[in-house]
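The block underneath contains the structure these notes are about, expressed in structure tokens.
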Amino acid sequence: MSVTVRFCGAAHTVTGSCYLLETPSGRFLIDCGLFQGHKTLKELNYGAFPFRPADIDTVLLTHAHIDHSGLLPKLVREGFRGKILATRGTIDLCSYMLPDAGSIQESEVVALNRRNSARGKSEVSPIYTQADAVASLQSFQPVDYETWVDVIGGVRARYWNAGHLLGSASIEIEFERESSAGQPLRLLASGDIGPDAKLLEPDPKAPARFDYVISESTYGDRIRAATTPQQRRQHLATEVRDAAAAKGALLIPAFAVERTQELIVDLVDLMERGEIPPAPLFLDSPLAIHATEVFRKHAASLDVDIDVNRLFNSSHLRFTETVNESKSIAKLTGFHIIIAASGMCDAGRIRHHLKHWLWNSRGTVLLVGYQAHGTLGRFLQEGAKAVRIQGEEIRVAARIRMMDEYSGHADGSEITRWIAARRPIQRGVFLVHGEEQAIAGLAERVAERIVPAAKLFQPVLDDIYELTTPAPTLLDVAHRRRLAPEAVTHLDWHNEMSRLVLDISDQIEAAADDRSRGVIIRRLRRALADRG
């Protein structure tokens with residue numbers, strides 16, 4: 001019996017999670033996520049899937065984050081008619097997150113087409129609409145943790161709490177052998193693994209004894225300083241007090257689900273204790289507001305020592321659901337806090353707040369999560385002096401700060417311990433959902449004492465492996481690749497063009513006089529003419 005896995009996303013990148021498993025009895029996916037980052041990578045969202053959606057029998061969804069679930073509406077729209085198996089927490093979150101994603105895509109395409117029309121370019125269509133997302137919700141079927149469920153003929157799965165997000169799961173999968181005497185082929189897909197110091201979620205769980213493990217590696221090369229929830233709150237308090245001293249806004253680009261709710265809990269608690277100045281705390285994200293209601297619903301499954309309902313009802317907390325309410329925040333003066341999606345600053349209302357505050361030295365931007373390669377958040381994290389937002393150049397004068405303690409991902413040592421607890425792993429560990437440096441760092445750490453280096457694999461986009469051979473066998477798929485491997489891992493020409501435009505502007509402004517500026521412009525024109 002042949003069993004193959006194709007890495008259709010999250011291969012040397014942290015987004016677009018999607019793995020296609022194929023057996024003689026059918027095909028199923030683990031996740032079907034949206035690509036984020038630079039434009040070349042995001043263009044994959046608009047292209048054809050590397051498989052026929054109608055040929056997919058089932059989807060096993062690890063959790064609700066858009067980089068894992070965000071292309072499910074497109075999958076359904078293009079012919080998928082099977083079931084999407086997910087925990088109840090994941091389904092409740094997806095019921096808000098997917099329609100929100102469709103709405104954002106529709107509104108962003110409207111703005112893009114307005115600019116394209118002015119430039120004489122053709123119009124584009126959204127990846128999917130809000131209506132497509134709502135329709136896809138009919139395909140979801142709930143599963144319980146630690147309970148076997150049939151996937152396709154000869155394949156069953158069991159979900160284990162991954163400690164990453166409400167409803168998140170690592171998925172244990174068994175493939176029956178053709179011979180009744182043979183042991184089943186066993187595989188574990190990690191999903192995203194939560195860290196030790198998670199505020200609302202339990203520690204991750206999963207069994208041992210597998211043939212294969214597919215492991216995330218988001219922070220595989222990074223070891224965080226040991227921390228506790230109390231130490232994290234104190235670090236947050238320091239950042240808030242510094243931002244308050246600047247007398248401007250504190251912008252927190254936050255992932256709408258879990259990260260936002262953790263921040264609210266800590267910020268309100270700090271205000272009530274008098275450890276930070278009381279200030280208006282705006283939750284400016286319809287999705288985050290709805291997600292907060294989901295957390296209220298599932299409060300019993302969260303940390304029993306935290307009174308979630310009381311903290312979410314604080315008089316300091318203000319929900320801004322409508323566009324007009326969001327715009328009115330810009331009229332405020334003095335210190336206030338705005339939590340808005342998206343966490344990587346790539347979409348949503350945070351971009352409007354950044355346009356309003358990035359140029360102002362009284363503003364502070366606090367990054368509290370992973371910033372993917374090629375995103376606006378990553379450029380800010382790396383110290384960009386100027387950025388382009390919706391085609392407009394913005395000089396960065398605001399303070400850019402980073403807190404890693406709110407990450408929903410395990411660090412290198414925590415993932416290593418998680419992999420070690422899955423032993424024995426007979427045939428191999430696939431390292432995915434990480435950038436090159438993170439994967440290499442985790443591979444080095446794991447190979448030291450957990451799994452032999454020969455059993456560690458680092459697939460690139462669209463690699464296909466046969467899993468029933470004594471060791472995983474890479475099949476020849478060069479002709480099927482949607483992108484060259486380097487196109488996934490390197491900044492594309494769109495990013496280089498933006499940087500060039502900003503560099504040219506800097507050089508011209510820094511020139512001594514108009515004559516010098518004219519010399520620069522003429523040299524650029526000659527360079528372009530020579531290229532022609």
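Nothing fancy with the numbering, it's 1 onward along the sequence. FYI, side chains are in, hydrogens and waters are out, and symmetry mates aren't considered; it's all heavy atoms of this structure.
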Go through it in stages, so that I can follow the logic: the residues are L98 and F140, the test is side-chain contact (heavy atoms from CB on, under 4.5 Å), and I'd like the CA-CA distance, side-chain angles, deciding distance and then a yes or no.
CA-CA 12 Å; L98 294 179; F140 281 79; 4.0 Å; yes

Does the pair I521 and R525 meet the rule for a side-chain contact (heavy atoms from CB on, under 4.5 Å), with working shown?
CA-CA 6 Å; I521 292 170; R525 289 190 182 282; 3.9 Å; yes

side-chain contact (heavy atoms from CB on, under 4.5 Å) between T13 and L461, intermediate numbers included:
CA-CA 9 Å; T13 176; L461 187 67; over 6 Å; no

Between K121 and R119, is the side-chain contact (heavy atoms from CB on, under 4.5 Å) condition met? List the steps.
CA-CA 6 Å; K121 296 183 178 180; R119 297 167 183 169; 4.3 Å; yes

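Annotation: side chain of I104 is not in contact with side chain of L287 (no heavy-atom distance under 4.5 Å). At least one side-chain heavy atom of H336 sits under 4.5 Å from a side-chain heavy atom of I329. Under the 4.5 Å side-chain criterion, counting only non-hydrogen atoms from C-beta, L358 is in contact with L380. Within the 4.5 Å cutoff, side-chain heavy atoms of R351 are placed close to those of D346. Looking at heavy atoms from C-beta onward, R241 lies in side-chain contact with P277 at the 4.5 angstrom threshold. At a threshold of 4.5 Å between non-hydrogen side-chain atoms, the residues L34 and T15 do not count as touching. Side-chain contact between E258 and E262 is present, with at least one heavy-atom pair separated by less than 4.5 Å. Side chains of I415 and S215 form a contact here, defined as non-hydrogen atoms less than 4.5 Å apart.
Judged by distance alone, with hydrogens and angles left aside, the side-chain atoms of T416 form a donor-acceptor pair with the main-chain N or O of G412 at under 3.5 Å. Checked by atom type and distance alone, the side chain of S217 pairs as donor or acceptor with a backbone atom of V432 at under 3.5 Å. At least one donor-acceptor pair under 3.5 Å links the side chain of D31 to the backbone N or O of T62. Counting only distance, with no hydrogens or angles, the side chain of R77 and the backbone of I127 share a donor-acceptor pair below 3.5 Å. The closest donor-acceptor contact from the side chain of S69 to the backbone of A64 lies under 3.5 Å. T90 places a side-chain N or O within donor-acceptor distance of the main-chain N or O of G167, the cut-off being under 3.5 Å. Not a single donor-acceptor pair under 3.5 Å links the side chain of S17 to the backbone N or O of D67. When atom types are taken as modelled, the side chain of S117 and the backbone of R114 share no donor-acceptor pair closer than 3.5 angstrom. Judged purely by atom type and a 3.5 angstrom limit, R362 uses its side chain to pair as donor or acceptor with the backbone of K247. A side-chain donor-acceptor contact under 3.5 Å links T375 to the backbone of A372.
Between H164 and the choices H433, H65, H68, the ring-ring contact (aromatic ring centres under 6.0 Å, His included) rule is met once, by H65. Under the side chain to side chain contact (heavy atoms under 4.5 Å, CB included) test applied with I252, the options L281, V365, I337, V240 reduce to a single match, I337.
Between A341 and A256 the shortest heavy-atom distance is CB-CB, 4.4 Å. Of all heavy-atom pairs between V460 and A11, the closest is C-CB, 3.5 Å. When all heavy atoms of C94 and L137 are compared, the pair lying nearest together is O-CD2, 3.8 Å. Nearest approach of D242 to R399, heavy atoms of both residues: CB-NH2, 3.7 Å. Between L93 and A291 the shortest heavy-atom distance is CD2-CB, 4.3 Å. Nearest heavy-atom pair across R224 and E414 is NH1-OE1, 3.7 Å.
We find the CZ-CD1 distance between R388 and I394 to be 9.5 Å, quoted to the nearest 0.5 Å. Atom CZ of F255 and atom CD1 of I66 lie 12.0 Å apart (nearest 0.5 Å). Rounding to the nearest 0.5 Å gives a distance of 11.0 Å between CG of D203 and CD1 of I193. Between atom CE of residue M403 and atom NE2 of residue H235 there is a gap of 5.0 Å, rounded to the nearest 0.5 Å. Taken from CD in Q105 to CG in D100, the straight-line distance is 9.5 Å, to the nearest 0.5 Å. One finds the SG atom of C8 at 11.0 Å from the CG atom of L71 (value rounded to the nearest 0.5 Å).
Take T260 and apply the side-chain contact (heavy atoms from CB on, under 4.5 Å) test, not counting sequence neighbours, and it matches A254, I264, L283, A288, I339.
A salt bridge does not link E325 to R318: none of the charged nitrogens lies less than 4.0 Å from a carboxylate oxygen. A salt bridge is absent between R222 and D411; no separation between the charged side-chain nitrogens and carboxylate oxygens falls under 4.0 Å.
Pairs of residues two or more places apart, or lying in two chains, that qualify as ring-ring contact (aromatic ring centres under 6.0 Å, His included) and include a residue from residues 86-109 are Y96-H290.
Using a 3.5 Å distance cut-off with no hydrogens or angles, the side chains of T320 and D284 do pair a donor with an acceptor. For S95 and D92, the side-chain atoms include no donor-acceptor pair closer than 3.5 Å. Between the side chains of E436 and Q458, no donor-acceptor pair is found at a separation under 3.5 Å. There is a side-chain donor-acceptor pair under 3.5 Å between Q230 and R233. In the model, E106 has no side-chain atom that pairs as donor or acceptor with a side-chain atom of T129 under 3.5 Å.
Counting non-hydrogen atoms of neighbouring residues, nucleotides and ligands closer than 6.0 angstrom, the CD atom of Q231 exceeds 12 such neighbours. E321 CD: more than 12 foreign heavy atoms inside a 6.0 Å radius.
Taking the six-membered ring wherever Trp is involved, the centroid distance between the rings of Y219 and Y370 falls below 6.0 Å.
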